Amino acid sequence: MATSRKVTLLSSDGESFEVEQSVAVESITIKDSIEEGSAGNPIPVPKVNSKILAKVIEYCKKHVESAKAEDRVDDEDLVAWDADFVKVDQATLFDLIRAANFLNIKSLLDLTCQTVADMIKGKTPEEKRKTFTIRNDFTPEEEEEVRRENQWAFE
Amino acid sequence: MEKPVSWSKLPTELWSMIGKKLDTHMDVCRFRSVCSSWRSLIPPVSEFELRAGGGFIGQRTVCLLEPPPTSPRDSRCPPSPREGWLIKIAEKEDLGGGGRVQLFNPLSKRPISFKGGTFPKVLCTMDYRVTEICVERHFIEEDEVGYPGRVRKVITLPDPPRAVREETLVVGIFGEGKLTWWKHGDEVWHRLGDPNCRYDDLIAYKGQCYVVDRFGIVSWIDPSFKIVQFSPPVCGDGSGGDRKHLVESGGDLYTVDRYFDEESRFSGIQAGDVREAAGFKVYRLNQEWGKWDEIRNLGDVALFLGDYSCFSVSVKGFGGCKGNCIYFTEINAWWKVRVLNMEDRSIKRASHSPDHLRILWPPPAWVAPDADGFALSPAHLRSRCFS
């Protein structure tokens with residue numbers, strides 16, 4: 001199979017992206033549908049709009065390139081690139097996680113989940129609720145149990 | 001204004017993945033304290049007692065406690081300076097459920113009993129941001145056979161909270177610098193490394209065990225328990241100091257080289273003699289080039305060299321709190337807490353340096369009152385330093 005084969009991806013809002021097949025198959029979802037022969041051309045990518053699809057493609061390109069490079073790109077450089085990649089607003093991060101999950105791109109999913117985990121670390125439960133607009137839905141019994149788990153009774 | 005994101009629409013399996021990325025006991029516990037569905041996604045961290053050849057491994061945790069910031073609505077105002085306090089605790093088993101907690105001097109095993117009148121009896125940690133800085137392990141000897149001498153320091157791998165009893169490996173430094181290891185099911189500890197080598201410190205770094213010897217050569221322990229050299233010596237020409245410490249900061253590995261004062265160096269050294277420090281040099285391992293870079297300025301970071309653990313804390317943004325220093329205890333004298341100021345290389349008693357005490361809590365009873373019996377209570381220090 002020629003490595004310079006290209007495929008076209010169609011975002012949910014109708015924009016087309018032409019990419020190398022080697023980049024597109026970073027997504028297991030797309031890879032499977034190409035291999036099964038069920039992918040049309042262009043390959044529709046529902047649920048992922050053009051803004052997010054562009055970012056996902058950027059990510060996949062970078063990772064495919066750095067794996068291919070003759071002198072392996074320093075892992076640290078890639079880590080730094082990844083760190084910059086996820087410096088986005090909450091809405092974009094949210095969409096990226098969902099896209100990575102839907103498209104089944106493990107490394108992107110790991111990266112975005114770790115980013116959210118880092119947002120969570122250290123904060124009080126109340127701050128976490130505010131950041132992610134989560135309702136406190138504990139029953140009174142659970143609330144009591146939670147409070148006891150988080151209490152320090154000093155000797 | 002940013003449109004609010006409906007995070008609650010994220011499928012639970014993704015929240016589960018996110019929760020599994022949390023790698024400290026504290027963070028897991030607090031994840032489970034947010035809402036019912038998060039609570040059901042991650043099981044509580046199971047603590048288990050780890051028995052190891054002739055004793056068992058205890059645990060103490062160093063944390064940074066901060067009240068949540070009261071950020072002004074107007075984002076043009078600069079954020080108010082952070083306040084925070086470093087504490088070390090050990091959770092005790094309690095039959096009634098509800099954690100009873102013992103406070104310790106962050107640099108040693110000394111429990112803190114004096115707390116002063118305003119110290120709370122019960123702290124609801126949900127009102128604070130809690131960041132786990134380091135989990136310290138220590139070895140509690142039980143019987144007299146099975147381990148080769150007085151234990152100085154131990155670490156366990158893998159790091160808690162994902163540790164599983166059957167897979168846990170314990171590595172320790174015994175006596176004056178012998179390296180040993182033990183794993184689940186073993187009867188005795190095994191010697192490791194060069195028997196003529198004196199090992200000064202060890203650390204769990206990036207999931208592996210690294211050790212440093214008296215020359216500042218850092219090695220790691222490979223899966224077949226061989227010592228593999230990882231760095232050149234810190235001072236190739238033999239001009240290094242007398243005791244090396246390993247500490248991680250900002251993802252990098254550092255060696256801190258302690259120089260004893262002239263008297264301590266040349267008097268007849270018996271094990272157990274107090275050896276006072278005269279100076280320190282800090283080196284960061286440049287892994288790309290395989291060499292040590294001497295670091296003269298730590299910036300916003302404070303290093304803590306304790307008896308059982310070494311760790312670093314960033315004081316960036318903390319109101320008036322000083323970084324660029326090293327807190328340490330004298331060798332064999334855990335009650336002598338000192339602070340080295342990297343700017344002028346001065347070493348002071350911690351109890352004489354109010355600027356350096358702001359991060360310590362309960363402040364600063366654990367640095368021991370000085371000769372005048374002057375010990376600051378938490379409220380006293382707070383009103384003096386934070387007003």
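Residue numbering restarts at 1 for every chain, and letters A, B, ... go by the order of the sequence lines. Just so it is clear, the model here is predicted, and its values are computed rather than measured.
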Which residues in residues 49-61 of chain A have a heavy atom less than 4.5 Å from any heavy atom of chain B?
-> none
Among L93(A), I97(A), T133(A), residue most engaged with chain B (heavy-atom pairs, under 4.5 Å) | I97(A)
Pick whichever of D110(A), N136(A), T115(A) has the most heavy-atom pairs under 4.5 Å with chain B.
-> D110(A)
Could you look at E13(B) and say if it's the side chain, the backbone, both or neither that has a heavy atom under 4.5 Å from chain A?
-> side chain
Give, as side chain, backbone, both or neither, the part of M26(B) having an atom under 4.5 angstrom from any heavy atom of chain A.
-> side chain
To the nearest 0.5 Å, tell me how far [X] [atom1] sits from [Y] [atom2].
{"X": "K128(A)", "Y": "D27(B)", "atom1": "NZ", "atom2": "CG", "value": "6.0 Å"}
{"X": "R32(B)", "Y": "E145(A)", "atom1": "CZ", "atom2": "CD", "value": "7.5 Å"}
{"X": "M17(B)", "Y": "N101(A)", "atom1": "CE", "atom2": "CG", "value": "7.0 Å"}
{"X": "E143(A)", "Y": "S33(B)", "atom1": "CD", "atom2": "OG", "value": "9.5 Å"}

With sequence neighbours left out, what residues match E248(B) under side-chain hydrogen bond (donor to acceptor under 3.5 Å, both in side chains)?
-> none
Taken in chain and number order and not counting sequence neighbours, the residues that satisfy ring-ring contact (aromatic ring centres under 6.0 Å, His included) with W292(B) are none
Does the pair R39(B)/E142(A) count as a salt bridge with the N-to-O cut at 4.0 Å?
-> no
Thinking salt bridges, do K21(B) and D118(A) make one under a 4.0 Å N-O criterion?
-> no
Side chain T125(B), main chain N150(A), donor-acceptor under 3.5 Å | yes
Among S8(B), S37(B), S6(B), P11(B), which has the most heavy-atom pairs under 4.5 Å with chain A?
-> S6(B)
Who wins among V130(B), T131(B), D127(B) for the most heavy-atom pairs under 4.5 Å with chain A?
-> V130(B)
Is the CZ atom of R129(A) crowded by more than 12 outside heavy atoms at less than 6.0 Å?
-> yes
Taking all heavy atoms of [X] and all of [Y], pick out the closest pair and write down the distance.
{"X": "L22(B)", "Y": "K121(A)", "result": "CD2-CG, 3.9 Å"}
{"X": "C63(B)", "Y": "W152(A)", "result": "SG-CH2, 4.3 Å"}
{"X": "D137(A)", "Y": "C35(B)", "result": "OD1-CB, 3.4 Å"}

T124(A) pairs by side chain to side chain contact (heavy atoms under 4.5 Å, CB included) with which of R30(B), M126(B), E66(B)?
-> R30(B)
Can you tell me which residue pairs pass the ring pair (Phe, Tyr, Trp, His ring centres under 6.0 Å) test with a partner in residues 94-114 of chain A, sequence neighbours excluded?
-> F94(A)-W7(B)
Aromatic ring proximity W15(B)/F132(A), centre distance under 6.0 Å | yes
